[in-house]
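This is a predicted model, so every value here is computed, not measured. The figures here come from the full heavy-atom set of this structure, side chains too, leaving out hydrogens, waters and symmetry mates.
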Amino acid sequence: METATAVLSPQQVLVHGLRNAVPYIREHEGKVFVVAFGGEALDEPESFNRVVRDLVLLADLGVRLVLVPGARPQINRRLALAGLEPRFHQGLRITEFEMIDPVTEAVGALQFDLLSWLSTRLSMSSGSGLAQRVLTGNFVTARPMGVIDGVDLGFTGAVRRVDVDGIRDALGDGSIVVQSNLGFSPTGELYNLRAEEVAESLSVSLGADKLIFLTDPVDDLPSVMGLADVHQLLSQSGSTLSDEFRLHLESAIRACSRGVDRVHLVDREDDGALLVELFTRDGCGTLISAEPFERIRAASLDDIGGIVALIEPLEQTGVLVRRSREQLELELDRFVVIERDGDIIGCAALYPYPESQSAELAALVVHPAYQRGGRAGRLLSFLELRARSMGLKSLFLLSTQTMAFFKEKGFVAENISALPTERQALYNFKRNSKIYRKWI
């Protein structure tokens, strides 16, 4: 059977979008985001021009942007024109002396194109006709990679130091900072660096709030990944990940391990994907974090509004027994919540009856947008563990409409006489709730 899908009017789309985006606009204002992308992105002018438009919009909304473009395809083409064969060892380019000129020409041309696009879009955004607020400089001090496994990498280098004060001064003046993948040593030698490592080092040194990789798309990648998930993905045999994407994942692991809270992987070809990822709750890319993006924890006073928003619709329809806000505050220590990026999307409560070695499970609710994702089951398992830790032997519940779910989770029907005496006295015969129990 087909169901009709409601079509939102332009006005509804605008209102819905603003209501969802405004909290994130406030949250991101003044924060530092390091955004990295491979040279492949600039080989697709039409889609990358849309990315530039969105980057400028982020700057207009108060985000402090540091951009790190890579230049692999551009360097390869310059080397080919010079009759030089690209050579690599362990994924690192071997940069010989005769390659320095083609490398710098490729990076310089790419920088020129990027600065031109940004300046043009900034001028259009400001309406002043002035190409301002784009700044590039020598913010990275480099060192040679040296010899690895007997192979001399020549003028391929690594980041030695980041001029944090210089970048922060530029960001404080409202500039978008662009840092290339070239760096000089303290003695003046020029080194070719991996853009991923530059972005990683900048984000760690600056204490950036986010490191964002605009990358090629990967099908069926989870929307949220922990570091263990990323390690597992990288270790899978027969993986179809591109070299670019693999480098981004490896940098994400190191950045998170060194203190960057969140790394985002966003499809650079998807129009508006960067904005959706940053200004909606669920985004459209992949978030990598050392800390869980979604977690179950004990409820606090700050969660009362979120809990009320979850249970109130069910109270109005009679699925749940009404609780006053005052009662909820008094019973708050009984509640646990699922927190997703600061929002409360699930809750449940446990009321112990130690004399009967049992506890009542109540108010188990998951926001409709996040149902069918196993969250109700995780809440139940969390409270089962809590009940066992209290020395209790069983959970019971009263339900009028959700019996099927609990049967699937091992609950069996009982009658009112099986309830603790004090709970029997509170039973509402008008509701005629079904009683179920699970031994734990």
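Across every non-hydrogen atom of D333 and R386, the tightest pair is O-NH1, 4.2 Å. V178 approaches L118 most closely through the heavy-atom pair CG2-CD1, 3.9 Å. The minimum heavy-atom distance between A106 and R78, with the atom names listed, is CB-CG, 3.4 Å. Summarising the geometry of D261 relative to S289, their closest heavy-atom pair is O-OG, 3.2 Å, with the distance given to 0.1 Å. Summarising the geometry of N192 relative to L182, their closest heavy-atom pair is CA-CD2, 4.1 Å, with the distance given to 0.1 Å. Contact record, L395 with A387: CD2-CB, 3.8 Å, taken as the closest heavy-atom pair.
In summary, the side chains of S119 and S116 do not present any donor paired with an acceptor at a separation below 3.5 Å, with no hydrogens or angles considered. In this model, a donor atom of one side chain and an acceptor atom of the other lie less than 3.5 Å apart for E331 and Q327.
Of the inter-residue distances, the one linking E105 atom CD with Q74 atom CD reads 13.5 Å to the nearest 0.5 angstrom. Atoms CG and CZ, on L328 and R334 in that order, are 13.0 Å from each other to the nearest 0.5 Å. The distance from the CD1 atom of I344 to the CD atom of E339 is 5.5 Å, given to the nearest 0.5 Å. Atom CG of D113 is separated from atom CZ of F48 by 10.0 Å, given to the nearest 0.5 angstrom. Taking CD1 from I288 and CG from L249, the interatomic distance works out to 5.0 Å, rounded to the nearest 0.5 Å. Here the CG-OG1 distance, from N49 to T120, works out to 9.0 Å after rounding to the nearest 0.5 Å.
For the pair L42 and F37, the minimum side-chain heavy-atom distance is below 4.5 Å. Annotation: side chain of F155 is not in contact with side chain of I94 (no heavy-atom distance under 4.5 Å). Residues L55 and L65 form a side-chain contact, since some pair of their non-hydrogen atoms from C-beta on lies under 4.5 Å apart. Using a 4.5 Å heavy-atom cutoff, the side chains of E315 and R323 are in contact. Within the 4.5 Å cutoff, side-chain heavy atoms of R375 are placed close to those of R378. Contact check for P69 versus L110: side-chain heavy atoms found under the 4.5 Å cut-off. With a 4.5 Å cut-off on side-chain heavy atoms, E250 and I253 do not count as touching. In this structure, F245 and D216 have side chains that are in contact, with non-hydrogen atoms separated by less than 4.5 Å.
Across L233, L265, V263, a single residue satisfies side chain to side chain contact (heavy atoms under 4.5 Å, CB included) together with M225, and that is L233.
Residues that satisfy the side chain to side chain donor-acceptor pair (under 3.5 Å) test with R143, not counting sequence neighbours, are absent from this structure.
Using cut-offs of 30° and 60° for the angle between ring planes, the H367 and Y370 rings count as perpendicular.
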* To do: Just do the ring pair (Phe, Tyr, Trp, His ring centres under 6.0 Å) check on F411 and F406 with the steps written out, would you?
  => CA-CA 5 Å; F411 284 78; F406 292 109; 5.5 Å; yes
* To do: Test side-chain contact (heavy atoms from CB on, under 4.5 Å) on V162 and V159 and set out the steps.
  => CA-CA 8 Å; V162 173; V159 176; 4.0 Å; yes
* For R121 and D60, run salt bridge (Lys or Arg N to Asp or Glu O under 4.0 Å): C-alpha distance rounded to whole Å, both residues' side-chain angles, the deciding distance at 0.1 Å, then the answer. => CA-CA 11 Å; R121 179 58 63 175; D60 284 339; over 6 Å; no
* Could you walk me through whether L379 and V336 pass the side-chain contact (heavy atoms from CB on, under 4.5 Å) test, one step at a time? => CA-CA 8 Å; L379 278 169; V336 297; 3.9 Å; yes
* **side-chain contact (heavy atoms from CB on, under 4.5 Å) between T400 and V321, intermediate numbers included** => CA-CA 11 Å; T400 58; V321 177; over 6 Å; no
* Q111/T136 under side-chain contact (heavy atoms from CB on, under 4.5 Å): CA gap, chis, key distance, verdict -> CA-CA 9 Å; Q111 288 277 96; T136 185; 3.2 Å; yes
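The number of heavy-atom neighbours closer than 6.0 Å to CD of E46, taken from other residues, nucleotides and ligands shown, is 12 or below. The local environment of NZ in K407 is sparse, with at most 12 non-hydrogen atoms from other residues, nucleotides or ligands closer than 6.0 Å. The number of heavy atoms from other shown groups lying within 6.0 Å of CZ (R388) is above 12. In the displayed structure, R87 atom CZ is contacted under 6.0 Å by at most 12 heavy atoms of other residues, nucleotides or ligands.
For the pair R297 and D303, the salt-bridge criterion is met [side-chain N within less than 4.0 Å of a carboxylate O]. Checked for salt-bridge contact, R322 and E312 miss the test: no charged N lies under 4.0 Å from a carboxylate O. No salt bridge links R50 with E269; every basic N to acidic carboxylate O contact stays at or beyond 4.0 Å.
Of the possible donor and acceptor atoms, one in the side chain of D163 sits under 3.5 Å from a partner among the backbone N and O of G166. Listed for the T215 side chain is no donor-acceptor partner under 3.5 Å among the backbone atoms of D267. K210 places no side-chain N or O within 3.5 Å of a backbone atom of V34 that could act as its donor or acceptor partner. Using modelled atom types, one side-chain atom of E277 and one backbone atom of G285 make a donor-acceptor pair closer than 3.5 Å. Here the side chain of S201 pairs no donor or acceptor atom with the backbone of V198 at under 3.5 angstrom. Side chain of D173 to backbone of S175: no donor-acceptor contact under 3.5 angstrom is found. One N or O on the side chain of T286 and one on the backbone of P222 form a donor-acceptor pair closer than 3.5 Å. One N or O on the side chain of R133 and one on the backbone of G174 form a donor-acceptor pair closer than 3.5 Å. Checking side-chain atoms of Q179 against main-chain N and O of V66 turns up no donor-acceptor pair under 3.5 Å. Of the possible polar contacts, none joining the S205 side chain to the L202 backbone as a donor-acceptor pair under 3.5 Å is found.
Aromatic pair F33/H264: centroids not less than 6.0 angstrom apart.
Applying the salt bridge (charged side-chain N to carboxylate O under 4.0 Å, His left out) definition to pairs two or more places apart or across chains, those involving residues 177-199 are R72-E196, R194-E196.
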